[in-house]
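Worksheet for the structure shown next.
In what follows, chains are A, B, ... by sequence order, proteins preceding strands, each numbered from 1. Here the structure is a predicted model, which is why all the values come from computation and not from measurement.
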Protein chains: 2
Amino acid sequence: MNLPPLAAIRVFEAAARHGSFTNAAEELGMTQAAVSYQIKLLEERIGASLFLRRPRQVILTEVGARLSPAISEAFDMIRAAIAATRENADGILTITTIPTFAANWLVPRLGSFQLAHPSLAVRLQATREVIDFARQDADIGIRSGGGNWPGMIAHKIFGADFTPMLSPVLAATIGGVNTPMDFLKLPIVDPSDPWWKIWFAAVGVADPELRGNPRGRFGDQHLEGKAVIAGQGVGILTPAFFETELKSGLLIQPFDIVGNDDHFYWLVYPEARRNVPKVRAFRDWLLEQLVDQ
Amino acid sequence: MNLPPLAAIRVFEAAARHGSFTNAAEELGMTQAAVSYQIKLLEERIGASLFLRRPRQVILTEVGARLSPAISEAFDMIRAAIAATRENADGILTITTIPTFAANWLVPRLGSFQLAHPSLAVRLQATREVIDFARQDADIGIRSGGGNWPGMIAHKIFGADFTPMLSPVLAATIGGVNTPMDFLKLPIVDPSDPWWKIWFAAVGVADPELRGNPRGRFGDQHLEGKAVIAGQGVGILTPAFFETELKSGLLIQPFDIVGNDDHFYWLVYPEARRNVPKVRAFRDWLLEQLVDQ
DNA sequence: GATCTCGCATAAGCTGTCCTTATGCATGCT
DNA sequence: AGCATGCATAAGGACAGCTTATGCGAGATC
């Protein structure tokens, strides 16, 4: 069955509720003439008069009075459902994030976001995958890369810098790390990581021969960090992820020199969602965190 | 609260029900691109993803799955209410009609209309008023006049002709009515009716002196007809309204000469309702009745 | 492995629905 | 008599809603 235009039904609902075309127009943000026009259109499509007209007044006909309650209820249902959806959608923020970023940077700081936004529940999806926001149900994400993703807005967080770090206990076994060459005396947690070559080149050492099993891998940097803290070897890590450990002495960073391969960490979200309140709230909070550092 | 566009909500309802943008498009009589566009629009307005996209497939998100039942129910309610309204509106035909036309022409014939349209209930509003269809709840009407009512469609029924009629019993009291002047020997039911003057002028008698109380009035012709049948006097009546009585001998029409003041009876309805099925049904039936006479 | 099929996504642009403006009408009020 | 108010309508404009054309990515088929 062909429904009449929904715009006209909606106008009818408001006019019936108000008993006035002028008041309905005001509520709907249109002119009284538009209300009059839509009612006439609906009456023609339905094949019955919905209002009797008197000067300065309209009265629902029998037909109109019978139709109105069900239409009103239906619109109440739609309004409630949409409002609940918005509230709920506004109530859960799903963040897809690189696991290391989640573990070493975000989660330790999330407390202040949640204090600032008590009504927002945060759901983390820790994955190294670069997700497609059309295909997965996330609102916003943390990625690493060049930052150029079509249809997305990307805010730079910090660079994916790297430099060697180790446990002070491990360093003491060789009388401390005084030159970059001292690293060659120690086991390397992930000697096949291309970041090592880049770093040694930055300190003027070509083709260093690193100790350790080149087949050993932890996959995620934060797991590598755990191994380094445990004294299992030297790791090449991102300083921004280990501020707490460096401050507390759990790790030491023997040299200030850091490597970079033009990779950065980014906050990203689809352009279409740039005005969604919860997305803006998180963006604003995170950018503020970066300023405070 | 600002609802998102209803067109988009309607599209969402169909897409959710079908689990397919293409199938929803087919049902709604639009292209798949339009469905895709509306869903995207709705997602932006709601601030949440409603579908997850896979190649050749869409799946409702958690948010979409929660929204869909309430929206579906609301649209079912709207569809049912509109259908019931149409059915009911289509089920009752309200005819506003001149009382005499109702009593002496329409009601005796309505049987054949109702046999032809058993699902249509007929409601008569007998009134001599010329109603405003915008202000009163009638679908169609019978009027007399010139036939020129703006915004209305008018079909001519027959002329508002008139000629003297009387009971044969009354005629016998004066040995029958052989010339127009014989009427002056008999009481006239409504001597002030201007139709008399017009009729006598048509038969060449100027300024006839009619017997009877000029202040006596019945208002409606069918009531005057009752008085004439009862032998209370001569009436000036419309032959079309008294076919049955003339055939049965209850009334006699002594002369064939009829008067007319350019008045006709009309079937009228608002132009806006010319395509309403029940209005067309009644119009077609009545015009057919006229042909059969 | 190449090609085809299918359903969703999007850009560009068109159309007709929905609206505004201006004005008329008919009550009721002052 | 003049004014205020709310509904009705014609004329015309704006833009929401749509179409067309085309791209993309899985899965199916050859």
Side-chain angles (χ1 to χ4, degrees), chain A residues 2-12 14-16 18-45 49-61 64 130-136 149-152 270-273, chain B residues 2-12 14-16 18-45 49-61 64 130-136 150-152 270-272:
Chain A
N2 246 354
L3 274 180
L6 287 171
I9 298 175
R10 174 185 184 226
V11 167
F12 166 71
H18 285 280
S20 156
F21 288 6
T22 301
N23 290 349
E26 200 176 326
E27 174 186 299
L28 298 171
M30 59 178 67
T31 63
Q32 164 272 322
V35 171
S36 188
Y37 167 86
Q38 290 286 6
I39 297 299
K40 176 176 174 169
L41 188 62
L42 186 60
E43 284 172 334
E44 281 176 20
R45 295 291 289 270
S49 196
L50 298 171
F51 290 94
L52 292 177
R53 276 71 160 174
R54 295 185 54 77
R56 293 168 70 172
Q57 179 180 28
V58 291
I59 304 165
L60 279 168
T61 61
V130 174
I131 70 153
D132 181 341
F133 282 84
R135 297 156 185 267
Q136 298 199 35
W149 294 286
M152 309 289 282
E271 204 166 338
R273 297 188 208 176
Chain B
N2 246 354
L3 274 181
L6 287 170
I9 298 177
R10 173 184 184 228
V11 167
F12 165 70
H18 284 280
S20 157
F21 288 6
T22 301
N23 291 349
E26 200 174 328
E27 176 186 298
L28 297 170
M30 59 176 66
T31 63
Q32 165 273 321
V35 170
S36 187
Y37 167 85
Q38 290 286 6
I39 298 299
K40 175 176 175 169
L41 189 61
L42 187 59
E43 285 171 334
E44 282 175 18
R45 296 290 290 268
S49 197
L50 298 170
F51 290 94
L52 291 178
R53 275 72 161 172
R54 296 186 52 75
R56 293 169 71 170
Q57 178 180 25
V58 289
I59 303 164
L60 278 169
T61 60
V130 173
I131 69 154
D132 180 343
F133 283 84
R135 295 158 185 263
Q136 298 200 36
M152 308 289 283
E271 206 167 338

query: In whole angstroms, how far is the P atom of C/dC8 from the CG atom of B/L52?
result: 13 Å
message: Is the phosphate of C/dT27 approached by A/R54 (side-chain N or O, under 4.0 Å from OP1 or OP2)?
response: no
query: How close or far is atom C1' of D/dA8 from atom CD of A/E43, stated in whole angstroms?
result: 12 Å
- prompt: Taking only side-chain nitrogens and oxygens of A/Q38, does any of them come within less than 4.0 Å of OP1 or OP2 of C/dC19?
  reply: yes
- prompt: What's the CG-C1' distance between B/L28 and D/dT19, to the nearest Å?
  reply: 15 Å
query: In whole angstrom, what separates A/Q32's CD from D/dA4's P?
result: 18 Å
- line: Correct closest heavy-atom pair for A/Q38 and A/A8 would be OE1-CB, 3.3 Å
- line: Of D/dT19, C/dC8, D/dC7, the nucleotide closest to the side chain of B/R53 is C/dC8
- request: Could you check which of D/dT9, D/dC7, C/dA9 has an atom nearest any side-chain atom of A/K40?
  value: D/dT9
task: Between A/P5 and B/R56, just flag the one whose closest nucleotide in DNA chain C comes earlier from the 5' side.
output: B/R56
Spacing of B/L41 atom CG relative to C/dA9 atom C1', expressed in whole Å: 14 Å
- request: Remember a base hit wins even if backbone is also touched, and classify A/A7 as base, sugar-phosphate or nothing at under 4.0 Å, heavy atoms.
  value: sugar-phosphate
- prompt: Separation of A/L6 atom CG from D/dA16 atom C1', in whole Å?
  reply: 14 Å
message: Looking at B/Q57 and D/dA26, is any side-chain donor or acceptor paired with a base atom of the opposite kind under 3.5 Å?
response: no
- prompt: In whole angstroms, how far is the P atom of C/dA9 from the CE atom of B/M30?
  reply: 15 Å
- request: For A/V58, answer base if it contacts any base atom (sugar-phosphate contacts may also be present), sugar-phosphate if it contacts only those atoms, and nothing otherwise; contact means non-hydrogen atoms under 4.0 Å.
  value: sugar-phosphate
- prompt: If you measure from CG on A/L41 to CZ on A/R45, what distance do you get to the nearest 0.5 Å?
  reply: 6.5 Å
- prompt: If you measure from CZ on B/F21 to CE on B/M30, what distance do you get to the nearest 0.5 Å?
  reply: 12.5 Å
statement: Separation of D/dC7 atom P from A/L60 atom CG, nearest Å, is 12 Å
message: To the closest 0.5 Å, what do you measure between CD (A/E27) and OG (A/S20)?
response: 10.5 Å
query: Reckon B/T31 has a side-chain N or O less than 4.0 Å from the OP1 or OP2 of D/dC18?
result: no
- request: Kindly compute the distance separating CZ (B/F51) from CG (B/L60), expressed to the nearest 0.5 Å.
  value: 4.5 Å
- request: Indicate, with a heavy-atom threshold strictly under 4.0 Å, whether B/T22 touches base, sugar-phosphate, or nothing.
  value: sugar-phosphate
task: Would you indicate which nucleotide in D/dA21, C/dA26, D/dC7 comes nearest to any side-chain atom of B/A33?
output: D/dA21
